[in-house]
Each structure stands twice: as C-alpha cells, then as structure tokens.
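Structure first, then comments.
Chain naming here is simple, since letters A, B, ... match the order of the sequence lines and numbering starts at 1 in each. All heavy atoms count here, side chains included; hydrogens, waters and symmetry mates do not.
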Number of protein chains: 2
Amino acid sequence: MTESKADQPHETVKPRRRQARGERRIQQLLDAAASVFCRAGYTSASTNAIAREAGVSPGTLYQFFPNKEAIAVELGERLNRRMLETHGVFTPENAALPLRELIDAVLDPMIEFNCANPAFLTLLQSSEAPGNFLEEHAAQHDSIQDRIEELIGVRNPELSPERRTHTASMAFALFKAGLGLILGHEGAEREAYVTELKTALYGYLAPVLGTGGAPARP
Amino acid sequence: MTESKADQPHETVKPRRRQARGERRIQQLLDAAASVFCRAGYTSASTNAIAREAGVSPGTLYQFFPNKEAIAVELGERLNRRMLETHGVFTPENAALPLRELIDAVLDPMIEFNCANPAFLTLLQSSEAPGNFLEEHAAQHDSIQDRIEELIGVRNPELSPERRTHTASMAFALFKAGLGLILGHEGAEREAYVTELKTALYGYLAPVLGTGGAPARP
DNA sequence: GAGAAACGCGAGCGGTCGCTCGTGTTTACC
DNA sequence: GGTAAACACGAGCGACCGCTCGCGTTTCTC
C-alpha cells in the first residue's frame with residue numbers, strides 16, 4: 001500500500017504546492033476562458049485560444065489544468081460560488097417579503113451578476129458538451145435550483161414535493177430564458193426585458209406562493 | 001458575360017436536376033442529421049457521422065449539400081415550414097378564443113410537433129455555431145416570433161409596438177424554456193411540465209391580453 | 001548559494017474534422 | 001443501345017484540435 005504524507009489519508013496523489021504566481025496565472029486563465037467560452041461556447045472554444053488570450057503558452061495552461069473540461073468545471077464552480085455567496089440572495093429575510101419585493105430582491109443581484117459575468121449563462125446553457133462535464137454542470141445547476149425549491153417550500157409549505165420541484169424547475173428555466181434576452185440587449189431594451197421577466201415570474205408564482213409577505217399560515 | 005440557360009436570369013449557376021433517388025437521399029440525410037444534431041448538437045455533430053447514420057458515404061453527402069452548415073439550414077427551414085404550415089396554429093379563429101383555450105390551441109400542436117422532432121429545439125437553441133449559420137437561424141427564429149407578435153397585436157391593438165415586441169420575445173423565450181423541460185422528461189413528468197408551462201404563459205399573458213375571447217374592444 | 005520544485009515555453013504528436021477527387025454505377029433521354 | 005448527367009463510393013488531404021515533452025527560468029527553502 002502507498003501511504004502518502006500524513007494529512008493525505010486517501011489515494012489522491014496531487015499535493016502540488018502553488019506559488020502566488022501560479023494562483024495569479026490560474027485567475028488569468030479562468031478570466032481568459034470566461035471570455036473565450038462566452039464568445040464561442042464551450043465546444044468551439046480551443047484551449048490554445050484560451051492560453052493565447054491569457055498571454056501564455058499552451059504548455060503553461062496544462063500546468064494548472066489537466067484538460068479542457070477541468071477549466072470549465074473550475075470556472076463554473078467559482079462563478080456559482082461567487083453568485084450564491086457574495087450576495088445574500090436566498091435568505092430567510094427575503095423569503096418573508098411580499099412577492100414583488102421578493103422577486104426584486106432575488107433577481108436584481110442575480111441579473112447584475114450575470115451581466116457582469118456573461119460566461120455563467122453560457123456555461124449554464126451549454127448542452128452540447130461531451131465527457132462528464134455535463135454531470136459536473138448538472139450539479140451546479142441543481143445547487144441553484146435547490147435554493148429556489150427551498151425558498152418555495154418556505155413560502156408555501158402546503159405544496160407537494162413534486163409540485164415544488166416542478167415549480168422551482170420552471171421558475172429557474174423561466175429565469176434563464178429571460179436572462180438570455182436581457183444579456184442579448186443593452187440600455188433601455190435591457191431594462192425593458194428585466195421588467196418583462198419580473199412580470200412573467202410574478203404572474204407565474206403569484207397563484208402558487210401568494211402575493212403577500214409571510215408564509216401563508218392562517 | 002456568362003449568359004446561362006433561358007430561365008436562369010441571374011448569376012446563380014446551380015441548375016442541378018435532381019432525380020427521385022436524389023430527393024430520397026436528401027430526406028435520408030436530413031433525417032440522419034436531425035438525429036445526430038439532437039444527440040450531439042450542431043458543433044459536435046460530424047458530417048461523417050451524419051453520412052454513416054444515413055447509410056451513405058461522405059462523398060455522397062456532399063453531392064447534395066455544399067457544406068455542413070447547409071445541412072442545418074435546410075433541416076431548420078423544413079422543420080420550420082412544417083411546424084408553421086401543417087398545423088393551423090396562428091389562425092384568426094384561435095386568436096379570438098378565450099386566453100386559456102388560445103394557449104391550448106397554440107401550444108398543444110407546437111409541443112406535439114417538438115416532441116416528435118426534438119432536433120428543432122436543438123437548432124433553435126444552438127447558439128455556439130460559427131459561420132453565418134447564426135444569421136439563417138435568426139431568420140427562422142423571427143419567422144415564428146412574428147406570428148406571435150401578430151397574434152398579440154390582434155388580441156390587444158392598444159399595445160405599443162415596442163411592448164408588443166418585448167411581450168412576443170418573452171413569450172417565445174418562455175415557451176422555449178418550458179419546451180426544454182418538457183423534452184427533458186417523459187410520461188407523467190412531461191405532462192406536469194406541460195401544465196406548468198401553460199400556467200406560466202397564462203400568468204404572463206393574462207394581464208396583457210385579457211382572459212376573455214374577443215379583442216378587448218369596449 | 002545550492003538544490004528542488006514550481007513555472008514557462010513552443011514545436012509538434014496523434015487524432016478528428018470538414019471536405020475533395022478519381023473512379024465506378026445507375027438513370028434519363030434520344 | 002449509346003451517351004451524358006446524376007448518383008455513389010471511400011481513401012485521404014489539409015487544417016485544426018487537445019494535449020505532451022524536453023528544456024530553460026524563477027522562486028522557495030535550507
């Protein structure tokens with residue numbers, strides 16, 4: 001048996017120690033990847049193009065990522081974490097707001113984040129990718145949907161689990177669809193689609209969650 | 001100047017006469033392309049795979065299509081035409097129905113068609129394609145959206161043109177999003193998402209178009 | 001300051017892709 | 001039956017892709 005270093009109990013054998021320079025390179029590469037993915041999509045994006053955009057040789061890229069898929073996975077994880085953590089979006093306080101304000105409180109930061117990081121939607125929507133990227137991808141998708149489902153459960157505990165899942169899926173799909181329109185336009189048009197999206201979500205959710213503030217307990 | 005055959009007035013130089021065998025091959029190839037596009041997406045689909053699926057050599061494929069892009073364009077056009085023509089969906093009679101029935105009348109055939117031809121949604125959503133495929137693609141996208149916009153205009157003539165466009169875009173995006181969920185599930189789950197989609201569309205459109213039958217004229 | 005490890009480079013390998021081309025077969029038309 | 005065009009084949013070309021490898025440079029550690 002290969003018993004490795006003390007604090008490496010399992011079979012993982014990659015205790016690569018990163019220098020500050022390396023962390024900086026990783027960030028450069030992820031930024032470049034976001035840009036290229038956003039421009040061309042995952043499949044059409046080439047690792048050489050990512051390296052070039054980062055001002056780095058292909059060999060250097062592979063010092064930090066084992067393959068192309070790992071780049072997208074890491075980028076997706078970081079964006080996902082940033083979106084869910086930095087803004088306190090799915091909070092209990094928000095869940096208690098009247099529906100219109102709840103939608104504003106949840107959507108506004110999410111929309112702002114996605115406008116600043118358009119690669120996130122690209123990854124969320126990239127469906128034609130080979131390998132197990134799709135599985136990793138689905139996991140992140142679910143991590144968001146779980147929050148929505150949870151929020152719906154708090155607002156309307158009477159809802160059956162199935163219905164709750166369907167509502168969360170539909171609401172999330174609706175959000176992604178609206179987000180695509182929003183990112184596809186600028187200025188006043190963009191604002192108009194933000195309003196349309198909120199209108200659509202309100203129209204869909206009001207009958208299910210009620211328009212008021214506190215959870216619908218008599 | 002090269003003056004070609006009598007009934008070929010312009011500069012087009014492709015008077016290829018097709019035999020019945022050729023037309024059959026074209027249909028085989030388009031069917032195969034639909035299957036492969038649906039499985040892998042446009043970018044990842046290989047022309048060799050399409051030819052193989054059609055039981056044909058790569059050379060034969062290129063007897064009928066100048067390049068990969070032309071396959072997707074022709075397939076998209078045929079599906080688009082079939083969907084808009086075969087079912088009388090966006091008819092004046094439908095436009096006069098009460099909103100719930102209008103949604104049923106429009107959505108049910110569209111959903112059925114898309115379940116039978118899942119490649120259509122794949123092409124509608126394929127955003128990461130190079131070349132001018134995207135332009136051809138946008139044209140078809142618009143051809144559907146125009147119908148929706150027209151229908152909205154009939155139902156509510158008071159709506160400003162901008163608002164009408166935004167509403168049509170949002171409704172179409174909402175439909176595509178729901179369609180993705182629907183095609184991603186089967187049996188009872190699929191039926192549940194059909195209901196969710198209709199609920200969402202109703203909630204979005206009711207405030208804009210009214211719930212009644214005739215256009216909202218006092 | 002010496003050794004090790006992390007970092008960096010870029011030519012190029014193996015493989016797949018879109019597509020071609022030389023050649024042979026089938027069909028339409030006289 | 002003869003001939004021209006349409007149809008069919010499949011090996012393989014050139015381009016690009018993800019990724020590697022040998023080797024030089026910088027940084028950390030003692």
Could you walk me through whether B:D108 and B:K198 pass the salt bridge (charged side-chain N to carboxylate O under 4.0 Å, His left out) check? CA-CA 10 Å; B:D108 284 335; B:K198 287 178 180 176; 2.8 Å; yes
Given [options], the nucleotide with the shortest approach to the side chain of [X]:
X: A:S46; options: C:dG10, D:dC17, C:dT26; value: D:dC17
X: A:T60; options: D:dA6, D:dG10, C:dC9; value: C:dC9
X: A:R16; options: D:dC7, C:dC7, C:dC9; value: C:dC7

Measure from [atom1] on [X] to [atom2] on [N] and round the result to the nearest Å.
X: B:F64; N: D:dA6; atom1: CZ; atom2: P; answer: 11 Å
X: B:Y62; N: C:dG22; atom1: OH; atom2: C1'; answer: 18 Å
X: A:F65; N: C:dC7; atom1: CZ; atom2: P; answer: 12 Å
X: B:Q19; N: C:dA28; atom1: CD; atom2: P; answer: 5 Å
X: B:K68; N: C:dT20; atom1: NZ; atom2: P; answer: 15 Å
X: A:R17; N: D:dC30; atom1: CZ; atom2: C1'; answer: 13 Å
X: B:E23; N: C:dT27; atom1: CD; atom2: C1'; answer: 15 Å
X: A:R52; N: D:dC17; atom1: CZ; atom2: P; answer: 8 Å

At under 4.0 Å between heavy atoms, what does [X] touch on the DNA or RNA strands: base, sugar-phosphate, or nothing?
X: A:G22; value: sugar-phosphate
X: A:A70; value: nothing
X: A:A51; value: nothing

What pairs with B:R78 under salt bridge (Lys or Arg N to Asp or Glu O under 4.0 Å), at least two apart in sequence or on another chain? B:E74
Quick check on [N]: is either OP1 or OP2 less than 4.0 Å from any side-chain nitrogen or oxygen of [X]?
X: A:T47; N: D:dG18; value: yes
X: B:R18; N: D:dC7; value: yes
X: B:R25; N: D:dA8; value: yes

Over 12 foreign heavy atoms within 6.0 Å of CD, A:E112: no
C:dC19 base / B:N48 side chain donor-acceptor hit below 3.5 Å: yes
Less than 3.5 Å between a donor and an acceptor, one on the side chain of B:Q63 and one on the base of D:dA8, is that the case here? yes
Plane angle bin for A:F120 and A:F113 - parallel if under 30°, tilted between 30 and 60°, otherwise perpendicular: perpendicular
When B:Q19 is tested against each of B:R21, B:R17, B:E23 for side chain to side chain donor-acceptor pair (under 3.5 Å), which residue passes? B:R21
